[in-house]
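Remember, it's a predicted structure, so these values are computed and weren't measured experimentally. The analysis underlying the following values was restricted to heavy atoms, covering all of them including side chains, and did not include hydrogens, waters or symmetry mates.
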Amino acid sequence: MFKLERKILLTPGPATTSNSVKNAQIVEDICPREKEFGYIMEYISQELTKFVADIENYFSVLFCASGTAAVEAVISSIVENDEFIIVINNGAYGMRIVEICKAYDLKYIEYKSDLFDEIDINEVEKIIKNNKKIKYLAVVHNETSTGFLNDIGSFGALCYKYNIDLIVDAMSSYAAIPISMKEMNISYLVSSSNKNLQGMPGISFVIAKRKLLENLKYKKGRNLYLNLYKQYTYFLKNYQMRFTPPVQVLYALKQAIYETKNETIEKRYERYSKSWETLIKGLNDLNFTIYVKGRKHSKIITAIDEPLDINYSFIGMHDYLYNSGFTIYPGKIELMNTFRIANIGDINFNDINDFLKYLKNYLITLY
Ligand SMILES: *Cc1c(COP(=O)(O)O)cnc(C)c1O
């Protein structure tokens, strides 16, 4: 195994990976159309499903692209001309789903909700009651711009009542926060390889009810490369991607899945939670302001107010920390000056304590 210098990525994906995941990419050359590679693909697809659902009734369809592509694959494949989709927008990633709807000229209703308040599900219900053509509801689980965790269970119950398919962007919650697609009544769930799975970037996937995937046969879809039905049927038949996959990234994903199973999602979330609590305590000690509080916080990513010091700049802080081995992330909240710290990946609370020391040293340089 190659031993590489450890860098701490406090970014919401790609995250810090283990040495074994990095090394899993060093394999003999292989054509992805070989049977041997098909077994790996089959393993990956099945295990991804098993983290959140049973493989008899649910299936994981993989795409060779970052997470947004898989969200786009779902939206562009399922919503038909005479149907409406309601999109819950309480942050930048909810807004991205709205943008996808716009790009395909879909009939969509945007439900905008305050960034830091619970979504008013009764208001959403009123809209659904008044529009019988709403067939889908899309919502982000962990809104990565703020760290606000939306209550998927309540949306699942609402969708059940009105016979609507629930689409969940679980990009930054899957493989950390326990999810049951059946209990939460999720029809389509989307995530990717490089966040809490702690794999390499390049693969995203849609986990869906098999029955719904089969029914896509009757829909035309609006995209060739990101066609969910075509990708599903081709994969079922051959255990191959329709187009060239990033072979080595898939070997790394297989290893990352293996390590996730070993740790278990529950234990992984405990590890993340401990890192997060360490982070919050340290930030409080340094007088930083944090917006999402209490039980609505995902404990995965935190948006933090930028320091007001005249000598502060995000680039200055970033570069100082980067040169010390820590990568931080800019904010993504409109009209607010925030930066973000994610506590995901192959790190623990000791790494967060180290980070806090360097952060404190940076603040001292400002005076
Ligand atoms: C990371 C993320 C995405 C996808 O981003 P990509 O850069 O396309 O991988 C989508 N939604 C949420 C909530 C995310 O955190």
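The aromatic rings of Phe51 and Tyr174 stand perpendicular to each other, their planes meeting at an angle above 60°, with 30° marking the opposite boundary. Aromatic ring orientation, Trp276 versus His297: tilted (interplanar angle from 30° to 60°).
Of the candidates Arg222, Lys107, Lys220, Arg222 is the only one forming a side-chain hydrogen bond (donor to acceptor under 3.5 Å, both in side chains) with Asn81.
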**Request:** Apply the test side-chain contact (heavy atoms from CB on, under 4.5 Å) to residues Ile300 and Ile177: give CA-CA distance (whole Å), side-chain angles for both, the deciding distance (0.1 Å), then the verdict.
**Result:** CA-CA 9 Å; Ile300 279 180; Ile177 299 174; 3.9 Å; yes
**Asn142/Ser298 under side-chain hydrogen bond (donor to acceptor under 3.5 Å, both in side chains): CA gap, chis, key distance, verdict** = CA-CA 6 Å; Asn142 173 29; Ser298 64; 3.0 Å; yes
**Request:** Using the side-chain hydrogen bond (donor to acceptor under 3.5 Å, both in side chains) rule, take Thr302 and Arg340 through it: C-alpha gap first, then chi angles, then the decisive distance, then the call.
**Result:** CA-CA 6 Å; Thr302 304; Arg340 286 181 290 172; over 6 Å; no
**Request:** Tell me, with the steps shown, if Leu228 and Val206 meet side-chain contact (heavy atoms from CB on, under 4.5 Å).
**Result:** CA-CA 8 Å; Leu228 187 56; Val206 177; 4.0 Å; yes
**Request:** Decide yes or no on ring pair (Phe, Tyr, Trp, His ring centres under 6.0 Å) for Phe63 and Phe205, but give the supporting numbers first.
**Result:** CA-CA 6 Å; Phe63 288 92; Phe205 47 91; over 10 Å; no
**Request:** Apply the test side-chain hydrogen bond (donor to acceptor under 3.5 Å, both in side chains) to residues Lys299 and Ser273: give CA-CA distance (whole Å), side-chain angles for both, the deciding distance (0.1 Å), then the verdict.
**Result:** CA-CA 6 Å; Lys299 303 186 178 179; Ser273 298; 4.8 Å; no
**Message:** If you apply the rule side-chain hydrogen bond (donor to acceptor under 3.5 Å, both in side chains), what do you find for Thr16 with Arg6, and how did you get there?
**Reply:** CA-CA 8 Å; Thr16 307; Arg6 193 160 171 262; over 6 Å; no
**Item:** Derivation of the side-chain contact (heavy atoms from CB on, under 4.5 Å) call for Ile88 and Val140
**Value:** CA-CA 8 Å; Ile88 310 298; Val140 175; over 6 Å; no
**Message:** Applying side-chain contact (heavy atoms from CB on, under 4.5 Å) to Phe59 and Gln46, what does each step give before you reach the verdict?
**Reply:** CA-CA 7 Å; Phe59 194 87; Gln46 285 194 355; over 6 Å; no
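There is a side-chain donor-acceptor pair under 3.5 Å between Glu214 and Tyr232. Residues Glu72 and Tyr104 bring a donor and an acceptor atom of their side chains to less than 3.5 Å of each other. At a cut-off of 3.5 Å, with distance as the only test, a side-chain donor of Glu306 or Tyr312 sits close to an acceptor on the other residue. A donor and an acceptor atom, one from each side chain of Asn227 and Ser77, are nowhere located under 3.5 Å apart. For the 3.5 Å distance criterion, the side chains of Asn150 and Asn90 qualify, holding a donor opposite an acceptor. Thr144 and Ser172 share a side-chain donor-acceptor pair at under 3.5 Å. A side-chain donor from one of Ser60 and Thr49 sits under 3.5 Å from a side-chain acceptor of the other. Inspection of the Asn353 and Asn350 side chains reveals no N or O donor paired with an N or O acceptor under 3.5 Å. In this model, a donor atom of one side chain and an acceptor atom of the other lie less than 3.5 Å apart for Tyr162 and Glu125.
Looking at Ser324 and Phe355, their side chains never come closer than 4.5 Å, going by heavy atoms from C-beta outward. Using a 4.5 Å cut-off on side-chain heavy atoms (C-beta onward), Val52 and Tyr58 make no contact. Considering only heavy atoms from C-beta on, Phe155 stays 4.5 Å or farther from Ile186 through its side chain.
Arg210 places a side-chain N or O within donor-acceptor distance of the main-chain N or O of Ile55, the cut-off being under 3.5 Å. Listed for the Thr278 side chain is a donor-acceptor partner under 3.5 Å among the backbone atoms of Lys274. The backbone N or O of Glu56 sits less than 3.5 Å from a side-chain atom of Asp54, completing a donor-acceptor pair. Asn19 places a side-chain N or O within donor-acceptor distance of the main-chain N or O of Phe2, the cut-off being under 3.5 Å. Listed for the Thr264 side chain is no donor-acceptor partner under 3.5 Å among the backbone atoms of Lys261. Using modelled atom types, one side-chain atom of Asp351 and one backbone atom of Asn348 make a donor-acceptor pair closer than 3.5 Å. Lys22 places a side-chain N or O within donor-acceptor distance of the main-chain N or O of Thr17, the cut-off being under 3.5 Å. A donor-acceptor pair is defined here as one N or O able to donate and one able to accept, closer than 3.5 Å; no such pair exists between the side chain of Asp305 and the backbone of Thr289. Panel note: side chain Thr327, backbone Leu9; no donor-acceptor pair is recorded below 3.5 Å.
Both Tyr111 and Tyr108 are assigned to one and the same hydrophobic cluster, defined by single-linkage of ILVMFWY side chains at heavy-atom distances under 4.5 Å. Leu216 and Val74 fall within the same hydrophobic cluster, where Ile, Leu, Val, Met, Phe, Trp and Tyr residues are linked whenever their side-chain heavy atoms come under 4.5 Å apart, directly or through other members. Note: the hydrophobic cluster containing Ile290 does not contain Phe148 (ILVMFWY, side chain heavy atoms under 4.5 Å, direct or indirect links). Linking ILVMFWY residues whenever their side-chain heavy atoms come closer than 4.5 Å, directly or via other members, places Tyr93 and Ile119 in the same cluster. Taking hydrophobic clusters as Ile, Leu, Val, Met, Phe, Trp and Tyr residues chained together by side-chain heavy-atom distances below 4.5 Å, Ile40 shares a cluster with Leu197.
Annotation: side chain to side chain donor-acceptor pair (under 3.5 Å) contacts involving residues 181-204, sequence neighbours excluded, comprise Asp165-Ser187, Gln198-Arg271, Gln198-Tyr272.
Separating the CD1 atom in Ile8 from the CD1 atom in Ile328 is a distance of 14.0 Å, to the nearest 0.5 Å. Atom-to-atom distance recorded for Ile128:CD1 and Ile164:CD1 is 4.0 Å, nearest 0.5 angstrom. A distance of 10.0 Å separates CG of Leu106 from CD of Glu83, quoted to the nearest 0.5 Å. Between atom OH of residue Tyr239 and atom OH of residue Tyr234 there is a gap of 14.0 Å, rounded to the nearest 0.5 Å. Atom OG of Ser145 and atom CE of Met336 lie 10.0 Å apart (nearest 0.5 Å). For the atom pair CD1 of Ile97 and NZ of Lys102, the computed distance is 13.5 Å after rounding to the nearest 0.5 Å.
A salt bridge between Glu5 and Lys7 is present, with a side-chain N of the basic residue lying under 4.0 Å from a carboxylate O of the acidic one. Between Glu47 and Lys50, at least one side-chain nitrogen of the basic residue sits less than 4.0 Å from a carboxylate oxygen of the acidic one, meeting the salt-bridge criterion. Looking at Glu99 and Arg96, no side-chain N of the basic residue comes within less than 4.0 Å of a carboxylate O on the acidic one, giving no salt bridge.
Between Tyr358 and Phe326, the gap from one ring centroid to the other is short of 6.0 Å. Here Tyr251 and Phe37 bring their ring centres to under 6.0 angstrom of each other.
No more than 12 heavy atoms of other residues, nucleotides or ligands shown are found within 6.0 angstrom of CD1 on Ile310.
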